[in-house]
**Student:** 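Okay, here's the structure, questions in a sec.
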Amino acid sequence: MSKSSIIKSIAPLVWENTELQPSLEICNYGFHLLRNWNFPKNFGQYWRLYWNQGKGGKIFYAASIYPMTGREVFLILSHIATATELDREVLYFSINFKIANRFENVRRRICIMEPDFKKKTRKHMILCKAMIARNANTASSKCSFHFA
């Protein structure tokens, strides 16, 4: 998935003209086996996109609890404080990115989307899961995830 595909999936009608597409800078991304994700204070200048393969994680924001399952992708806008909690180990995909200044005044919230990429990358995720299982004793079980 290209940078412009990500932007178009967030708001498909806004950027018909490619010259008007905002710049998107991906700071980091990864596919991990999460064992600990209990953080009472998360805050940053990055937009965050989270997806868990199964149940187990929760995001807390503005007195709301967002349970995470494999059926939803969570887009967390920049400069909002969240907390996270993990009940059990889960495969986890995340992207931290910056987007152009024209989004400075977007209402701070968590957006929930359906994971279209899940169908396209299932084979890769199964391979990553096997690789992580083989390296379970390492301090950092990580599998790179590349958009096609």
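What's counted below: heavy atoms across the whole structure, side chains too, no hydrogens, waters or symmetry copies.
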**Student:** Atom CD in Gln53, atom CG in Leu34: separation rounded to 0.5 Å?
**Tutor:**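 Between Gln53 CD and Leu34 CG, I get 12.0 Å after rounding to 0.5 Å.
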**Student:** According to a hydrophobic-cluster definition based on side-chain heavy atoms being under 4.5 Å apart (Ile, Leu, Val, Met, Phe, Trp, Tyr only), do Tyr29 and Ile99 belong together?
**Tutor:**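 The answer is yes; both residues are in one hydrophobic cluster.
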**Student:** So, for Leu77 and Ile80, which heavy atoms are closest and what is the spacing to 0.1 Å?
**Tutor:** O-CG1, 3.3 Å
**Student:** I'd like to know if Phe39 and Ile110 are part of one continuous hydrophobic network [Ile/Leu/Val/Met/Phe/Trp/Tyr, side-chain heavy atoms within less than 4.5 Å].
**Tutor:** yes
**Student:** Hydrophobic cluster membership, with links at side-chain heavy-atom distances under 4.5 Å among I/L/V/M/F/W/Y: are Ile112 and Ile95 in one?
**Tutor:** no
**Student:** How many angstroms lie between atom NE2 of His79 and atom CH2 of Trp47, to the nearest 0.5 angstrom?
**Tutor:**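 So the gap between those two atoms works out to 11.0 Å.
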**Student:** Looking at every non-hydrogen atom in both residues, tell me the closest pair between Pro40 and Ala83 and how far apart they are.
**Tutor:** O-CB, 3.3 Å
**Student:** For Leu86 and Asn36, work out which heavy atoms get closest and say how close.
**Tutor:**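 For Leu86 and Asn36, the tightest heavy-atom pair comes out as CD2-N, 3.8 Å.
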**Student:** Please identify each residue that fulfils ring-ring contact (aromatic ring centres under 6.0 Å, His included) with Tyr50, with sequence neighbours left out.
**Tutor:**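 By the ring-ring contact (aromatic ring centres under 6.0 Å, His included) rule, Tyr50 matches Trp37, Tyr92.
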**Student:** Which pair of non-hydrogen atoms, one from Met113 and one from Leu75, has the smallest distance, and what is that distance?
**Tutor:**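 So the minimum-distance heavy-atom pair works out to CE-CB, 3.8 Å.
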**Student:** Anything under 3.5 Å between a donor and an acceptor, one on a side chain of residues 60-68, the other on a protein residue two or more places apart or in another chain? List them.
**Tutor:**
residue, atom, partner, partner atom, Å
Tyr61, OH, Arg108, O, 3.2

**Student:** Using the ring of each side chain (for Trp, its six-membered ring), is Phe31 parallel, tilted or perpendicular to Trp51, with breaks at 30° and 60°?
**Tutor:**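 If you compare the ring of Phe31 with that of Trp51, the planes turn out parallel.
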**Student:** Write down the atom of Arg88, the atom of Lys55, and the distance for their closest heavy-atom approach.
**Tutor:** NE-O, 3.0 Å
**Student:** At what distance, to the nearest 0.5 angstrom, does NE2 of His32 lie from CG of Asn52?
**Tutor:** 11.5 Å
**Student:** Distance from Ile76 atom CD1 to Thr82 atom OG1, nearest 0.5 Å?
**Tutor:** 5.0 Å
**Student:** Kindly determine whether Lys98 and Glu25 satisfy salt bridge (charged side-chain N to carboxylate O under 4.0 Å, His left out), including the steps that lead there.
**Tutor:** CA-CA 5 Å; Lys98 292 181 182 180; Glu25 178 186 345; 5.0 Å; no
**Student:** Taking C-beta and beyond as the side chain, do Leu49 and Phe93 meet within less than 4.5 Å on heavy atoms?
**Tutor:**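 Yes - at least one pair of side-chain heavy atoms lies under 4.5 Å apart.
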**Student:** Assigning hydrophobic clusters by single linkage (Ile, Leu, Val, Met, Phe, Trp, Tyr; side-chain heavy-atom cutoff under 4.5 Å), is Val73 placed with Val90?
**Tutor:** no
**Student:** Looking at every heavy atom in both Arg48 and Asn42, which two are closest together, and how far apart are they?
**Tutor:**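 Shortest heavy-atom contact: NH1-CB, 3.5 Å.
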